[in-house]
Amino acid sequence: MRSVIEQIRSSIEEGLGLALEKLARDLQLETLPQVILERPNQRVHGQWASNLALTITKQAKLPPRQIAQLLMENFHDRSGLVQRIEIAGPGFLNFHLSPAWRAEAVAEILAQGDRFGSCDIGRQEKVLLEFVSANPTGPLHVGHGRGAAVGSALASILQAAGYQVTCEFYLNDAGNQINKFSHSLEVRYRQALGQDVQLPEDGYHGEDLAELMARLAAEKQDSLLALPEPELRKALVSYALPLKVAAIRRDLEEFGVRFQSWFRESSLHPAAIEEAVGELKDRGQLYENDGALWLRSTDFGDDKDRVVIRDNGVPTYLAADIAYHKDKYDRGYDRLVNIWGADHHGYIARIKAAARSLGYDPEKLSIIIVQMVNLFRDGQAVIMSKRTGQLVTLSEIVEEVGKDSARFFFLMRSSESQLDFDLDLAKEQSDRNPVFYVQYAHARICSILRQAREQGVEPPAAGVEPLSLLKTPEEELLMEELAQLPLVVGEAASRMEPHRLAHYAQELAGQFHLFYNRCRVLGAEEELQGARLLLISASRTVLAKTLSLLGISAPERM
RNA sequence: GCGCCCGUGGCUCAGGGGAUAGAGCGACUGACUACGAAUCAGUAGGCCGCAGGUUCAAAUCCUGCCGGGCGCACCA
């Protein structure tokens with residue numbers, strides 16, 4: 001089902017399309033542009049505008065305003081909600097809607113409740129959304145936090161936009177870094193037993209591993225040292241790895257992030273990798289050089305060819321990742337989406353090249369790059385170093401500033417911009433903190449509704465009629481803002497940009513606060529009071545829905 | 001050197017072919033004996049990094065430069 005605002009838009013687009021076709025016949029135009037409506041940035045320009053006349057002025061060999069005039073004469077509106085069309089500026093067509101549209105839009109919100117905001121641009125396509133996928137060799141840090149926030153919000157948004165979404169975490173539980181992991185574990189275990197051994201330079205220096213091994217040492221003393229080294233390391237990994245994975249899972253849950261699927265890299269070893277490599281070989285995409293097997297990724301736009309099987313016969317990380325992506329493609333999704341940190345952007349070309357080499361459509365695979373996060377405390381950048389294990393973990397952030405604030409900060413900027421995360425601001429419970437601004441609007445509404453109940457004031461049955469009483473500019477602006485949600489969800493989904501929802505939340509909250517300061521709800525004349533109660537109730541629904549799409553709570557009291 | 005991202009009011013960032021470039025914070029001035037002042041109103045503040053080009057129209061697209069970040073492994 002399409003929302004009122006979408007129906008109006010498509011009705012105008014359709015009418016304009018027909019007008020254009022007629023004009024094209026009269027003037028014998030050949031190529032017709034697509035009719036796209038835009039929201040004018042100024043209210044005096046109406047609710048919708050089209051630049052159609054400007055785009056065909058050259059072809060038509062007529063001045064744009066004259067074309068606009070012809071289009072306007074040929075235009076018929078099916079929705080019945082277009083009140084007036086004007087030609088403005090260089091040749092824009094501005095569509096002004098009749099006031100009833102706002103009441104209809106708000107009535108729809110009240111009728112749909114938290115289902116409002118959905119749209120169907122996804123047409124139930126199946127999407128596999130992979131994100132976080134951190135190595136289970138250490139805790140999640142801030143960077144993972146941003147990826148987790150963006151991924152989980154995007155999942156909700158895509159779902160609301162009519163996609164079937166599966167969230168997947170790719171668990172690197174095999175390969176070289178597990179070897180390094182096991183080495184570090186052994187060192188930590190021996191250290192816990194009092195031995196003087198040092199971590200390798202490229203080992204995992206986090207304190208978390210030392211703690212784990214101290215616990216194990218307390219439990220088993222030195223009994224494990226009787227094992228030969230490979231067995232010892234294996235035993236340490238099988239003790240530590242599940243605990244690390246569980247810790248990651250717990251940190252994510254506390255951050256409001258859940259995965260339907262945890263895909264283990266180890267499940268690809270060796271059969272799936274051999275199969276993928278075999279297929280590349282059959283397709284002539286591999287060659288041998290210096291004892292290693294190389295993928296001809298330069299054929300498909302990569303900077304250089306890549307080793308798939310090392311000269312010692314061990315597959316590279318890329319080989320596993322190719323097998324993993326082959327598996328994803330073979331599972332039959334319509335779209336694959338990966339969210340990667342900016343430090344992995346150089347990897348895009350080779351994985352896309354690999355997909356093409358296997359005969360898959362690389363267009364199906366989108367990779368969202370999330371830029372780095374810089375933490376600030378007391379106005380100073382917080383220095384982090386992965387090598388020395390000196391990093392701020394996600395759980396520390398959540399503990400310090402709270403889940404809601406952390407999520408909002410991660411989500412309020414475009415993913416492709418670096419993010420300055422001000423810890424002091426994020427935990428500040430004041431008007432400087434945007435997340436409180438939005439939540440406060442919601443709490444304020446709840447407070448009014450609570451008092452209305454206590455006073456025995458009943459809002460009227462929801463419908464167009466009572467809502468038509470709302471005529472002040474603040475009321476109209478609020479109603480218009482509320483109606484936008486399905487469009488914002490659609491844009492955020494199709495562009496895969498969750499930050500649009502965070503911006504919308506702030507705008508909507510702002511519009512509500514403005515209304516609140518200008519228009520008295522309780523104590524207004526009875527019918528108007530009723531209408532306003534309906535309006536704030538719809539506002540509550542839309543604010544709560546927007547926040548829930550972002551994974552942020554909508555408190556009734558603060 | 002090559003590749004990707006970013007450069008927009010003092011600060012942090014939206015806008016990514018269209019009409020007078022927006023918001024928040026910060027600064028200044030105002031608004032609570034009525035529903036939550038965690039709010040609202042107003043003022044000041046911009047050659048949208050620079051230079052070319054494409055276009056009826058460029059912050060937006062193209063090219064080149066200049067800054068900043070991140071990558072450039074038979075690591076993951």
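What you see is a predicted model; the values in this text were computed from it and never measured. All values below were derived from every heavy atom in this structure, side-chain atoms included, with hydrogens, water molecules and symmetry-related copies excluded.
- Nucleic acid contact class of A/R350 (heavy atoms, under 4.0 Å, all strands): base.
- Comparing B/C74, B/G69, B/C13 by their closest approach to the side chain of A/Q371 singles out B/G69.
- For the pair A/R43 and B/A19, the criterion of a side-chain N or O lying under 4.0 Å from OP1 or OP2 is not met.
- With 3.5 Å as the limit, one finds a donor-acceptor pair spanning the side chains of A/E265 and A/H269.
- Between A/Y440 and A/H513, a ring centre-to-centre spacing shorter than 6.0 Å is recorded.
- The side chain of A/Y437 lies closest to B/U39 when the candidates are B/A76, B/U39, B/G36.
- Among the nucleotides B/A37, B/C4, B/G15, the one closest to any side-chain atom of A/H345 is B/C4.
- Candidate nucleotides B/C5, B/A19, B/A73 were compared by shortest atom distance to the side chain of A/E416, and B/C5 ranks first.
- Listed nucleotides: B/G36, B/G68, B/A76. Nearest to the side chain of A/Q418: B/G68.
- When the P atom is compared between B/C11 and B/G7, the two are found 14 Å apart, to the nearest whole Å.
- Remark: the backbone N or O of A/S553 is paired with a side-chain donor or acceptor of A/D404 at under 3.5 angstrom.
- In this structure a side-chain-to-backbone donor-acceptor pair under 3.5 Å is present from A/R532 to A/R520.
- For B/G18, the base has a donor-acceptor partner in the side chain of A/N51 [N/O atoms by modelled type, under 3.5 angstrom].
- A/S447 comes within 4.0 angstrom of a base, heavy atoms only.
- Between the CG atom of A/D202 and the P atom of B/C74 there is a distance of 16 Å, given to the nearest Å.
- Atom CG of A/D303 and atom C1' of B/G3 are 6 Å apart (whole Å).
- Side-chain proximity of A/Q177 to B/C40, B/C74, B/A76: nearest is B/A76.
- Distance, A/Q42 CD to B/G18 C1': 12 Å, rounded to whole Å.
- The side chain of A/R532 contributes no N or O atom lying less than 4.0 Å from OP1 or OP2 of B/C35.
- Nucleic acid contact for A/A349: none, since no nucleic acid atom lies under 4.0 Å from a heavy atom of the residue.
- The side chain of A/T55 lies closest to B/G18, out of B/G18, B/C5, B/U39.
- Against the 90° criterion about 0, the sugar-base torsion of B/C11 places it in the anti range.
- Ranked by how close their nearest RNA chain B nucleotide is to the 5' end, A/C519 and A/S414 are led by A/S414.
- Here A/F92 lies parallel enough and close enough to stack on the base of B/A19, with planes under 30° and ring centres under 5.5 Å apart.
- With its ring centre under 5.5 Å from that of the base six-membered ring and a plane angle below 30°, A/H45 counts as stacked on B/A19.
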Chi angles and distances behind the salt bridge (Lys or Arg N to Asp or Glu O under 4.0 Å) call for A/R450, A/E556: CA-CA 10 Å; A/R450 211 180 297 131; A/E556 298 191 3; 5.2 Å; no
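- Comparing A/G346 and A/G175, the nucleotide of RNA chain B nearest to each residue sits closer to the 5' end for A/G346.
- Closest to the A/Y347 side chain, of the nucleotides B/G18, B/A76, B/C74, is B/A76.
- The separation between A/F181 atom CZ and B/A76 atom P is 16 Å, rounded to whole Å.
- Contact annotation: side chain of A/N94 to base of B/A19, donor-acceptor pair present below 3.5 Å.
- Side chain to side chain, A/E168 and A/Y324 meet the donor-acceptor criterion of an N or O pair below 3.5 Å.
- For B/A34, there is no paired nucleotide, since no Watson-Crick or G-U wobble pair has both relevant distances below 3.5 Å.
- Residues A/F131 and A/F259 bring their aromatic ring centres within 6.0 Å.
- Nucleic acid contact class of A/A292 (heavy atoms, under 4.0 Å, all strands): base.
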